[in-house]
Amino acid sequence: MSAELELDLTLYPAPVLRRVAASVEAFDEELERLVAAMFARMAASKGVGLAAPQVGLKKRVLVLNPTGDPQDALALVNPKLKELFGPKTVFDEGCLSFPGIFAEIERPDGCRVEAIDAAGNPIQGEYTGFVSRIIQHEHDHLEGILLVDRMSPADKLRNKAALEELVARYKDSKKATPARRR
Ligand code: CO
């Protein structure tokens, strides 16, 4: 029995959330373990989507499950948004890296995606509505784009105190674990 991988959430403003993630090259057992652990972390945190930078990894991997039903689970490796289509819609988005913060974000309703699954098989799909919304949000993470970047000035102002608290908490966490090398 292999030990299960346990992943912690990476919260804003950790620098890894700002990096452009790198393509996955190896479709191996390690990748399958990572995907399984990401699904576990997402479920435990009651999220509907999670991207690898949110667990501190600069990899182009995302998982989602809009309903929590195992048959709706979707893992996308090296996903490419080939096309965005349909009317722009507004939705109150949250993000596991921004606990307690929500903002009305406008995105096209649909997306056409090419990706690879955790076992290395190609996936092509067209998604609309909530699933498309999650995919577009998680894909942003792979590009280092965050909820705060897409917020309206009004939402930024409304969430100002909560955002500042996250920054303060991050600075405190750095003080608690000083760098080993000086
Ligand atoms: Co997010």
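All ligand and atom numbering here is 1-based and tracks the order in the structure.
In this view, D28 satisfies the side chain to side chain donor-acceptor pair (under 3.5 Å) rule with no residue, not counting sequence neighbours.
A salt bridge links R150 with D140; the closest basic N to acidic carboxylate O contact falls under 4.0 Å. Taking a cutoff of 4.0 Å between a charged side-chain nitrogen and a carboxylate oxygen, R158 and D155 qualify as a salt bridge.
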Hey, can you pull the donor-acceptor pairs under 3.5 Å for the side chains in residues 34-44, sequence neighbours left out?
residue, atom, partner, partner atom, Å
R41, NE, S45, OG, 3.2
R41, NH1, L7, O, 3.2
R41, NH2, S45, OG, 3.2

Only pairs under 3.5 Å count here: list side-chain donor-acceptor contacts from residues 70-81, not counting sequence neighbours, and write none if there are none.
residue, atom, partner, partner atom, Å
D72, OD2, T67, OG1, 2.6
N78, OD1, V24, N, 2.8
N78, ND2, V24, O, 3.0

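Remark: the R107 side chain and the S132 side chain contain no N/O donor-acceptor pair separated by less than 3.5 Å.
Each protein N, O or S atom less than 2.8 Å from the Co ion (ligand 1) was counted, giving 3.
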